[in-house]
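First comes the structure, then the notes that go with it.
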Amino acid sequence: MITFGYVRCSSLDQNEARQIKAMQELNIPAKNIYTDKQSGKDFKRPAFKALLNKVRSGDLIYCLSIDRLGRNYDEITRYWRILTKERGVDVVIIDMPLLDTRLNKDLMGTFIADLVLQILSFVSNTELNNIKQRQAAGIAAAKARGVRFGRPIKKPSENFAAIVKRWERGKLAFSEVLEQTGLKQATFYNRLREHRRNREY
């Protein structure tokens with residue numbers, strides 16, 4: 001039997017230290033700890049896929065909490081079944097002792113574990129939806145206040161028109177135009193179209 005740990009954070013700036021510490025306290029070798037820094041909305045995660053390919057029947061996977069495993073109800077229950085039923089791997093959710101497939105392998109124990117799994121998966125999925133709704137509401141409120149999202153629009157320099165005129169008359173090379181305006185090629189052409197539209201009125 002080989003023991004593994006699975007760790008997941010939702011983004012690159014989140015800290016996985018608490019999860020790693022839990023794995024170290026279980027004496028899981030660092031090489032057997034698989035870490036993803038990615039959303040739990042699905043299981044298209046490189047480290048989880050690598051772990052899924054690595055484990056064999058009789059192996060054991062530790063995960064700190066069910067929401068670290070994932071946040072999609074259907075996907076959590078599906079991969080739990082793949083690991084425990086199809087692959088014969090034991091899974092332990094550290095924060096929820098009832099979700100330890102090594103224990104109570106009789107019908108009643110399996111039923112209770114499956115029930116707890118479904119409830120916790122539902123709660124995790126609901127929280128994911130709530131997070132999305134809060135984000136959408138926050139973005140809508142910010143837009144209503146005039147907050148702009150994405151890269152700031154780089155305005156052309158005050159002498160943009162003069163530079164364009166010299167370029168159009170063949171007195172400036174295109175490379176010099178980009179250098180003097182400080183714009184990338186695509187941005188320059190966008191500003192040029194706007195400039196010409198404004199010049200027509």
Side-chain angles (χ1 to χ4, degrees), residues 1-139 149:
M1 180 191 79
I2 302 176
T3 302
F4 297 91
Y6 180 69
V7 170
R8 184 187 68 80
C9 289
S10 296
S11 61
L12 292 174
D13 59 351
Q14 287 189 340
N15 194 331
E16 71 274 20
R18 178 171 171 259
Q19 297 178 69
I20 295 291
K21 184 174 183 293
M23 303 303 164
Q24 291 172 339
E25 289 174 352
L26 292 165
N27 297 316
I28 299 173
K31 65 183 178 64
N32 289 353
I33 300 174
Y34 288 72
T35 303
D36 277 313
K37 290 207 171 188
Q38 199 169 326
S39 168
K41 65 181 181 180
D42 57 44
F43 278 78
K44 295 174 182 176
R45 309 177 218 138
F48 182 82
K49 286 183 177 179
L51 176 60
L52 192 62
N53 290 330
K54 184 76 173 177
V55 292
R56 298 290 180 267
S57 179
D59 288 346
L60 173 63
I61 298 175
Y62 282 97
C63 189
L64 184 61
S65 58
I66 198 68
D67 64 325
R68 296 304 88 202
L69 185 62
R71 285 192 176 275
N72 181 301
Y73 175 84
D74 292 331
E75 294 275 278
I76 292 172
T77 51
R78 176 190 171 209
Y79 278 96
W80 186 276
R81 185 185 68 254
I82 289 172
L83 286 167
T84 61
K85 303 293 195 298
E86 297 178 14
R87 299 288 183 87
V89 174
D90 279 314
V91 180
V92 175
I93 303 300
I94 299 169
D95 283 356
M96 180 52 61
L98 280 174
L99 290 180
D100 182 343
T101 60
R102 299 171 302 175
L103 308 174
N104 303 319
K105 288 184 178 288
D106 60 4
L107 185 60
M108 180 58 72
T110 301
F111 170 75
I112 292 172
D114 286 348
L115 187 61
V116 171
L117 173 67
Q118 290 185 39
I119 293 170
L120 292 178
S121 301
F122 173 78
V123 170
S124 186
N125 200 145
T126 301
E127 177 60 18
L128 175 62
N129 291 333
N130 290 340
I131 290 170
K132 288 180 179 178
Q133 289 174 3
R134 289 195 295 269
Q135 287 174 337
I139 291 170
F149 291 88

Practice problem: Can you measure from CG (Leu51) to CG (Leu83) and round to the nearest 0.5 angstrom? | Solution: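 CG of Leu83 is found 7.5 Å from CG of Leu51.
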Quiz item: In Å and rounded to the nearest 0.5 Å, what is the CZ to SG distance from Phe48 to Cys63?
Solution: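 The SG atom of Cys63 is 9.0 Å from CZ of Phe48, to the nearest 0.5 Å.
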Do side-chain atoms of [X] reach the backbone of [Y] as a donor and acceptor pair under 3.5 angstrom?
X     : Y     : value
Arg87 : Asp59 : no
Asp90 : Leu60 : no
Asn72 : Lys41 : yes
Arg8  : Arg68 : yes
Asp42 : Lys44 : yes
Arg18 : Asn15 : no

Exercise. Please identify each residue that fulfils salt bridge (charged side-chain N to carboxylate O under 4.0 Å, His left out) with Arg78, with sequence neighbours left out.
Key: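 Residues passing salt bridge (charged side-chain N to carboxylate O under 4.0 Å, His left out) with Arg78: Glu75.
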Which pair of heavy atoms, one from [X] and one from [Y], lies closest together, and at what distance?
X     : Y     : answer
Thr84 : Trp80 : OG1-O, 2.7 Å
Gln19 : Leu64 : CG-CD2, 3.8 Å
Asp95 : Ser65 : OD2-CB, 3.9 Å
Gly5  : Met23 : CA-SD, 3.8 Å

Exercise. Take Leu69 and Phe43, measure what side chain to side chain contact (heavy atoms under 4.5 Å, CB included) needs, and give me the verdict at the end.
Key: CA-CA 9 Å; Leu69 185 62; Phe43 278 78; 4.2 Å; yes
Self-check item: Tyr6 side chain to Arg45 side chain, donor-acceptor N/O pair below 3.5 angstrom
Solution: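 Their side chains do contain a donor-acceptor pair, which is all the 3.5 Å distance test asks for.
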Practice problem: Would you check if Thr35 and Ile20 make a side-chain contact, meaning some heavy-atom pair closer than 4.5 Å? | Solution: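 In short, these two side chains touch, coming nearer than 4.5 Å.
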Exercise. Taking the side chain as every heavy atom from C-beta outward, state whether Phe4 and Val55 have any pair of such atoms under 4.5 Å apart.
Key: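 In contact.
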Exercise. Could you please spell out the steps behind the side chain to side chain contact (heavy atoms under 4.5 Å, CB included) verdict for Thr3 and Asn32?
Key: CA-CA 7 Å; Thr3 302; Asn32 289 353; 5.8 Å; no
Practice problem: Step by step, work out the side chain to side chain contact (heavy atoms under 4.5 Å, CB included) result for Val91 and Leu99. | Solution: CA-CA 8 Å; Val91 180; Leu99 290 180; over 6 Å; no
Quiz item: Given Ile94 and Tyr62, is the side chain to side chain contact (heavy atoms under 4.5 Å, CB included) satisfied, shown in steps?
Solution: CA-CA 7 Å; Ile94 299 169; Tyr62 282 97; 3.9 Å; yes
Practice problem: With sequence neighbours excluded, tell me which residues meet side chain to side chain donor-acceptor pair (under 3.5 Å) with Glu86. | Solution: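 In terms of side chain to side chain donor-acceptor pair (under 3.5 Å), with neighbours along the sequence ignored, Glu86 is linked to no residue.
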Quiz item: Among all residues two or more places apart in sequence or in another chain, which pass the side chain to side chain donor-acceptor pair (under 3.5 Å) test with Lys49?
Solution: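 None.
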Quiz item: Within 45° of the axis and under 6.0 Å from the centre of the six-membered ring of Tyr79, does NZ or CZ of Arg81 qualify?
Solution: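 Here Arg81 fails the 6.0 Å and 45° test against Tyr79.
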